[in-house]
Amino acid sequence: FPPDSSWDAAYERELQTFEDIGDAGEIWFGEESMVRIIRWLEKQKVPLDSSVLDIGTGNGALLIELAKSGYTNLTGIDYSPSAIQLSEKVREKEEMPNIKLKVEDFLAPSAELSGFEICIDKGTFDAISLNPDNTAAKRKQYVTSLCSVLKPEGFFLITSCNWTKEELLNEFGKGFEILEELPTPKFCFGGRIGNSVTALVFQRK
C-alpha cells in the first residue's frame, strides 16, 4: 500500500481516468470480496434499510453493489477528498443518488457518524496498520472509533490481507466477539496451505 500522501495522488489519477474513459479504477480484493460480503448480509436476512457504513470507501464500488442488491441506507467515508469525488462521479453515473458520501478521517470521526448497524472494512485497517507513524496507537484508535460509530450488537465485516484471524481476534477482542470466518481463496506455498486474505464477521458486544 502507498503511504498516506500518495493515496490522494492515486485517487486523483483514478478520478482523471474516470473522467476520461468512465472506468472507476480498481476494486480492492476484487469482485469476489464484494460478493462474499453481500451473500453474508443476505444469508443473515439483514433488513435492506439497515444503516451501513463503508469505512474507506475508495471509488464506492461496494456501495454501488449493495445498492444494486436492494440496500437503501448506505454511507461511504474516506479521508481522501479525491476518493470521495471519484465515488460521487461513480454514483452519478450509476444513478444511485441515495448513497451518502463524506470526507471523514475514521481515526477522528465527526459526531454525526454514529448509530450504524453494519460497518464494512476492505483494506482500510490494513492501510492504517501499515502507516509507520505510531501504528499501535492508530490501531487502538481505530477500535475506539469503531465502537463509537457501530451500535451495540451491530456487525463489523473486515477483509484483510495483512492480518491472520488470530491477529484480528487479538486486535478486536475488546468490545467485539467473532461470529464467523468467511471463506476466502486459499493458496499453496511450499506444501503449506494458507489464506492470502482473511474475512471475519464480528458483533459489537
Side-chain angles (χ1 to χ4, degrees), residues 1-42 46-107 109-110 112-128 130 142 145-146 149-150 155-161 182 184 197 199:
F1 286 104
D4 273 12
S5 57
S6 59
W7 279 111
D8 250 345
Y11 282 119
E12 271 164 31
R13 277 196 304 277
E14 291 198 347
L15 190 57
Q16 197 51 56
T17 307
F18 184 79
E19 285 170 352
D20 293 347
I21 59 169
D23 174 17
E26 65 182 294
I27 294 165
W28 290 108
F29 302 107
E31 300 278 350
E32 39 93 27
S33 66
M34 299 199 296
V35 171
R36 189 186 309 125
I37 288 164
I38 292 167
R39 278 209 187 119
W40 187 85
L41 295 172
E42 287 171 347
V46 167
L48 293 174
D49 61 352
S50 301
S51 52
V52 178
L53 176 67
D54 185 19
I55 301 164
T57 196
N59 59 18
L62 174 62
L63 293 173
I64 298 290
E65 290 309 312
L66 284 163
K68 286 177 179 172
S69 300
Y71 294 89
T72 57
N73 190 351
L74 302 169
T75 301
I77 59 166
D78 205 293
Y79 87 102
S80 161
S82 302
I84 292 299
Q85 268 183 289
L86 176 61
S87 48
E88 280 170 349
K89 287 197 179 332
V90 175
R91 172 185 68 183
E92 280 161 35
K93 184 190 171 197
E94 297 284 349
E95 297 177 357
M96 301 281 183
N98 58 345
I99 294 173
K100 295 188 277 294
L101 296 162
K102 294 177 184 164
V103 176
E104 284 264 5
D105 177 359
F106 191 65
L107 299 183
S110 63
E112 70 251 33
L113 213 65
S114 68
F116 288 93
E117 289 157 288
I118 293 142
C119 288
I120 301 172
D121 179 324
K122 282 164 64 257
T124 299
F125 185 69
D126 285 356
I128 286 167
L130 288 173
Y142 181 102
S145 296
L146 188 60
V149 305
L150 185 62
F155 299 123
F156 172 55
L157 289 82
I158 181 166
T159 305
S160 168
C161 63
L182 303 181
T184 59
V197 174

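Throughout, residue positions are numbered sequentially from 1 according to the sequence presented. Any value given below was found using the heavy atoms of this structure, including those in side chains, with hydrogens, waters and symmetry copies removed.
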Undergrad: Please confirm whether the backbone N or O of C161 pairs with a side-chain atom of D126, one donor and one acceptor, at under 3.5 Å?
TA: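 Answer holds: yes.
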Undergrad: In Å, rounded to the nearest 0.5 Å, how long is the span from OG1 of T184 to CD of E32?
TA: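 Result: 8.0 Å between the selected atoms.
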Undergrad: I need the R91 CZ to N98 CG distance, nearest 0.5 Å.
TA: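 It is 9.0 Å, given to the nearest 0.5 Å.
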Undergrad: Indicate the atoms forming the closest heavy-atom contact of T124 with G56, along with that distance.
TA: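 In this case the closest contact between T124 and G56 is OG1-CA, 3.3 Å.
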Undergrad: Quick one: closest heavy-atom pair of I77 and L113, and the distance?
TA: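 That closest heavy-atom pairing would be CD1-CD2, 3.8 Å.
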Undergrad: Under 3.5 Å, is there a donor-acceptor pair between the side chain of D78 and the main chain of G58?
TA: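 Yes, D78 side chain to G58 backbone: donor-acceptor pair under 3.5 Å.
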Undergrad: How many angstroms lie between CG in L63 and CG in D54, if you round to the nearest 0.5 Å?
TA: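 So the gap between those two atoms works out to 4.5 Å.
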Undergrad: Are the side chain of E88 and the backbone of L101 linked by a donor-acceptor contact shorter than 3.5 Å?
TA: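 Such a contact is absent between E88 side chain and L101 backbone.
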Undergrad: Check whether the ring centres of Y79 and F106 lie less than 6.0 Å apart, and answer yes or no.
TA: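 That pair fails the under 6.0 Å test.
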Undergrad: For the atom pair NZ (K100) and CD (E112), what is the distance rounded to the nearest 0.5 Å?
TA: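 If I round to the nearest 0.5 Å, the distance is 11.5 Å.
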Undergrad: What is the minimum heavy-atom distance between A67 and L74, and which atoms define it?
TA: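 Heavy atoms of A67 and L74 come nearest at N-CD1, 3.6 Å.
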Undergrad: Give the minimum heavy-atom separation between P109 and S145, together with the two atoms involved.
TA: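 Closest approach of P109 to S145, heavy atoms only: CD-OG, 3.5 Å.
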Undergrad: Please examine the side chains of V52 and L41, heavy atoms only from C-beta on, and report whether any two atoms are closer than 4.5 Å.
TA: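 A side-chain contact under 4.5 Å is absent here.
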Undergrad: So how far is it from E104 CD to S80 OG, rounded to the nearest 0.5 Å?
TA: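 Interatomic distance, E104 CD to S80 OG, rounded to 0.5 Å: 13.5 Å.
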Undergrad: Are S33 and V197 side-chain neighbours, meaning at least one heavy-atom pair lies under 4.5 Å?
TA: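 SC-SC contact between S33 and V197 ruled out.
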Undergrad: For L182, does its backbone N or O pair with a side-chain atom of R36 as donor and acceptor, under 3.5 Å?
TA: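 Judged by distance alone, no pair lies under 3.5 Å.
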Undergrad: Between I37 and T159, is any pair of side-chain heavy atoms under 4.5 Å apart?
TA: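 I37 vs T159: side chains touch.
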Undergrad: Nearest heavy-atom pair of V103 and P81: which atoms, and what distance?
TA: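 Looking at all heavy atoms of both residues, the closest pair is CG2-CA, 3.9 Å.
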Undergrad: Within this structure, what is the CD1-CH2 distance for the pair I118 and W40, rounded to the nearest 0.5 Å?
TA: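 With rounding to 0.5 Å, CD1 (I118) is 7.0 Å from CH2 (W40).
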Undergrad: Decide yes or no on side chain to side chain donor-acceptor pair (under 3.5 Å) for N73 and S51, but give the supporting numbers first.
TA: CA-CA 5 Å; N73 190 351; S51 52; 4.7 Å; no
Undergrad: Might you point out which heavy atoms bring I64 and M96 nearest each other, and give the distance in Å?
TA: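 I64 and M96 have their closest heavy atoms at CD1-CG, 3.9 Å.
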Undergrad: Are any side-chain N or O atoms of S50 and backbone N or O atoms of E117, one a donor and one an acceptor, separated by less than 3.5 Å?
TA: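 Flag not set: sc S50 to bb E117 has no pair under 3.5 Å.
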